[in-house]
2 protein chains.
Amino acid sequence: MDTTQRTDQQRSADRRRRELLEAADRVVLRDGPQASMNAIAAEAGITKPILYRHFGDKGGLYAALATRHTDALLDSLRAALDAPADRRERVEATLDTYLAAIEARPQVYRFLMHPAEGGGPGDQGFDVGKHSAPLLRRMGEELAQVIEERLDLGPGGQQLARVWGHGIVGMMHAAGDWWLGERPCSRAELVRSLADLLWGRLAAVADRVGGPGF
Amino acid sequence: MDTTQRTDQQRSADRRRRELLEAADRVVLRDGPQASMNAIAAEAGITKPILYRHFGDKGGLYAALATRHTDALLDSLRAALDAPADRRERVEATLDTYLAAIEARPQVYRFLMHPAEGGGPGDQGFDVGKHSAPLLRRMGEELAQVIEERLDLGPGGQQLARVWGHGIVGMMHAAGDWWLGERPCSRAELVRSLADLLWGRLAAVADRVGGPGF
DNA sequence: AGACTGCTGTTACCGCAAGTAACATGCACG
DNA sequence: CGTGCATGTTACTTGCGGTAACAGCAGTCT
C-alpha cells in the first residue's frame with residue numbers, strides 16, 4: 001500500500017503506454033488506418049491482449065493516437081493564429097501551417113481524418129454518432145473561440161463565430177485534401193486563393209459577359 | 001446468339017440490380033454504414049454470392065449506392081445553383097438545399113461521407129488513395145465548373161475556381177456536419193451566416209477593442 | 001520463509017464479416 | 001434431348017477484433 005510504489009508502477013505503465021503508442025504510430029504511418037492490432041502488437045514486440053489492457057479497444061488506441069497528433073497540430077496552428085500580425089497575414093500563416101503539416105505527413109493526416117471504424121461486434125468505431133473526424137471538430141471549436149475573442153461581431157456573435165470557425169476549417173480541410181491529391185498548384189498559391197475567398201472576392205468579382213445561359 | 005435475347009437478359013439483370021440496390025438502400029438507411037453484406041442479402045431475399053456477382057465486392061456495391069444518391073443530390077444542387085436569380089440568392093438557395101437534404105436523411109448523408117472501408121484481405125476500401133468521400137470531390141468539381149463558367153476571374157481563373165469550388169463545398173460540409181450534430185441554430189440562420197462569411201464579412205468586421213492579449 | 005497481491009506477458013480460443021468454391025436448378029436455343 | 005448460361009444455394013476459408021485462462025515475476029504482509 002505504499003504510495004511511492006504505486007507511483008513507480010504508474011510511471012512504468014505510462015512509459016510503457018508511450019512506447020506502445022510510438023510503435024502504433026510507426027505502423028499506422030506505414031500501413032495507413034487499416035493497420036491491425038496484431039501488426040501494432042508485433043511492432044511493439046508484444047501480443048494483442050497487452051494492447052487491450054492498455055487501451056481498452058481499438059477505438060481507445062486510435063483515440064489516444066489521434067489525440068497526440070491533434071494536440072501537436074493544434075499547437076502549431078495556435079502559434080500561427082496568435083502571432084502579432086495583420087489579420088490577413090495571420091489567416092494566411094495558419095492556412096499555410098495546416099497545409100504544410102498535411103503535406104509533410106500525409107499518412108498521419110489520412111489517419112486523423114479517416115478513423116476507419118472497426119468491423120467487430122459491438123464496437124462501431126470510436127466516433128459513433130459523430131460523423132467527422134474529431135480533429136475537424138476540435139479545430140473548428142478552437143478557431144471559433146479565437147474569432148469570438150478577437151472580433152467584434154455584435155449580438156449573436158458567439159454563434160456566428162462558431163459557424164465561421166467550423167466553416168473555415170472545413171474549407172481548409174476540403175481544399176487541402178483535394179490539393180494533396182492533385183497538386184494543381186503550389187502551396188502558396190492555394191493559401192492565397194483561399195484567403196482571397198475569405199476576403200470576399202467571390203462577391204466582388206464581376207459576372208462573365210458573354211456567358212452561357214442568360 | 002440472338003441480339004434480342006441478350007437485350008432481354010441485360011434488362012432483367014438491370015432490373016435485378018436495381019432491386020438489390022433498393023434493398024441495400026433500406027438496410028443502409030436502417031443500420032448505417034456498417035451494414036453487413038449478409039444483412040443486405042437477407043433484406044433482398046437472397047444470399048451473399050449474388051451480391052458479389054452483381055457488384056464485385058462491398059466497395060462496388062457501396063460505390064453504386066453512393067453514385068445513386070450523389071447523382072440525386074447533385075441534381076437538386078444544380079437546380080438551385082442555376083436558378084435565374086441574384087448571385088447571393090443562388091448561393092443561399094444552394095446552401096439551403098444541401099442542408100435540407102442532410103437534415104432530411106442523415107443516415108444517407110452519414111453513409112455518403114463515411115464510406116467505411118472494408119476490413120477484409122486485399123481490399124482496402126473503394127477509395128484507396130483518396131481521402132474524402134467521392135461526394136465531396138464531385139460537388140467541389142461541379143461547383144468549380146459553375147464558378148468558372150459564370151464569373152470573370154481573369155488569368156488563372158480556372159485554377160482559382162477549382163480552389164474555391166472545393167473550399168466552399170468543404171465549408172458547407174463541415175458547417176453542416178457540426179450543425180447536424182449540435183443544432184445550435186435554425187437552418188436559415190446557418191445559411192445566412194455562411195453566406196455572410198463568403199461575402200467577406202470576416203475581413204470587414206472590426207477588431208475587438210478591449211480584447212485580451214494585446 | 002511462505003502465502004498473497006498485482007502487474008506483465010503468453011497461447012488458444014470465440015464470434016463475425018468479407019469473399020470464394022462447388023454444386024444445384026430453371027430456361028432458351030441447336 | 002443435350003448444351004449453354006444465368007441464377008441461386010450451401011459450405012468453406014481467411015482474417016480481424018476481442019476475450020478467457022493460464023504463467024512468471026516483482027514486492028508485501030504475517
Side-chain angles (χ1 to χ4, degrees), chain A residues 1-20 23-24 27-28 31-63 115-126 128, chain B residues 1-20 23-24 27-28 31-63 115-126 128:
Chain A
M1 291 275 195
D2 198 344
T3 311
T4 68
Q5 186 217 334
R6 279 237 167 137
T7 308
D8 271 10
Q9 289 185 352
Q10 194 113 358
R11 257 214 292 246
S12 161
D14 276 14
R15 224 187 34 196
R16 200 86 182 98
R17 185 187 166 95
R18 221 171 297 171
E19 288 172 14
L20 297 185
V27 177
V28 165
D31 298 354
Q34 73 274 13
S36 80
M37 292 299 263
N38 256 326
I40 294 173
E43 171 73 27
I46 48 146
T47 50
K48 265 195 302 176
I50 303 184
L51 281 183
Y52 284 95
R53 277 222 260 275
H54 273 274
F55 301 103
D57 61 351
K58 192 175 188 179
L61 201 172
Y62 276 32
E117 45 203 278
D123 172 64
Q124 320 277 48
F126 78 92
V128 192
Chain B
M1 291 274 191
D2 199 340
T3 311
T4 69
Q5 186 217 333
R6 280 243 166 133
T7 308
D8 269 11
Q9 289 185 351
Q10 195 113 0
R11 257 216 289 247
S12 162
D14 276 14
R15 223 188 33 196
R16 200 87 184 98
R17 184 187 166 95
R18 222 170 298 172
E19 289 172 12
L20 297 185
V27 176
V28 165
D31 298 355
Q34 73 275 15
S36 81
M37 292 298 263
N38 256 326
I40 294 173
E43 171 73 27
I46 49 150
T47 49
K48 262 194 305 177
I50 303 184
L51 282 182
Y52 284 95
R53 277 221 261 275
H54 273 274
F55 301 103
D57 62 351
K58 192 175 188 176
L61 200 172
Y62 276 33
E117 43 202 281
D123 171 64
Q124 321 275 48
F126 76 92
V128 191

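Basis for what follows: all heavy atoms, side chains included, without hydrogens, waters or symmetry-related copies.
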Whole Å only: how far is the [atom1] atom of [X] from the [atom2] atom of [N]?
{"X": "A:I50", "N": "D:dG24", "atom1": "CD1", "atom2": "C1'", "value": "13 Å"}
{"X": "A:Y52", "N": "C:dC14", "atom1": "OH", "atom2": "C1'", "value": "13 Å"}
{"X": "B:L20", "N": "D:dA6", "atom1": "CG", "atom2": "C1'", "value": "14 Å"}
{"X": "B:Y62", "N": "C:dA17", "atom1": "OH", "atom2": "P", "value": "11 Å"}
{"X": "B:L61", "N": "C:dA17", "atom1": "CG", "atom2": "C1'", "value": "15 Å"}
{"X": "A:N38", "N": "D:dG17", "atom1": "CG", "atom2": "P", "value": "7 Å"}
{"X": "A:E19", "N": "C:dT8", "atom1": "CD", "atom2": "P", "value": "12 Å"}
{"X": "A:L51", "N": "D:dT19", "atom1": "CG", "atom2": "P", "value": "13 Å"}

(request) On DNA chain C, check which nucleotide each of B:P49 and A:I46 is closest to and give me the residue with the more 5' one. (result)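 Its nucleotide being nearer the 5' end, the pick is A:I46.
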
(message) I'd like to know if A:K48 reaches the base of D:dG17 with its side chain, counting only an N/O donor and acceptor under 3.5 Å.
(response)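 Such a pair is found, so the answer is yes.
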
(request) I would like to know whether B:L61 and B:M37 meet side-chain contact (heavy atoms from CB on, under 4.5 Å); could you show each step before the answer? (result) CA-CA 9 Å; B:L61 200 172; B:M37 292 298 263; 3.9 Å; yes

(message) Does a side-chain N or O of A:R16 approach OP1 or OP2 of C:dC7 to a distance below 4.0 Å, or not?
(response)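 No, no such contact exists.
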
(request) Report yes if at least one side-chain N or O of A:T47 is closer than 4.0 Å to OP1 or OP2 of C:dT10; otherwise report no. (result)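 For A:T47, the contact criterion (side-chain N or O under 4.0 Å from OP1 or OP2 of C:dT10) is met.
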
(request) Using side-chain contact (heavy atoms from CB on, under 4.5 Å) as the criterion, point out the one residue from B:V28, B:N38, B:V27, B:D31 that pairs with B:E43. (result)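 When B:V28, B:N38, B:V27, B:D31 are each tested with B:E43, the side-chain contact (heavy atoms from CB on, under 4.5 Å) holds only for B:V27.
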
(message) So which atom in B:A41 and which in B:K48 form the shortest heavy-atom distance, rounded to 0.1 Å?
(response)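 Minimum heavy-atom separation between B:A41 and B:K48: CB-N, 3.7 Å.
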
(message) Would A:I46 and A:R16 count as a side-chain contact (heavy atoms from CB on, under 4.5 Å) here? Give the steps.
(response) CA-CA 11 Å; A:I46 48 146; A:R16 200 86 182 98; 3.5 Å; yes

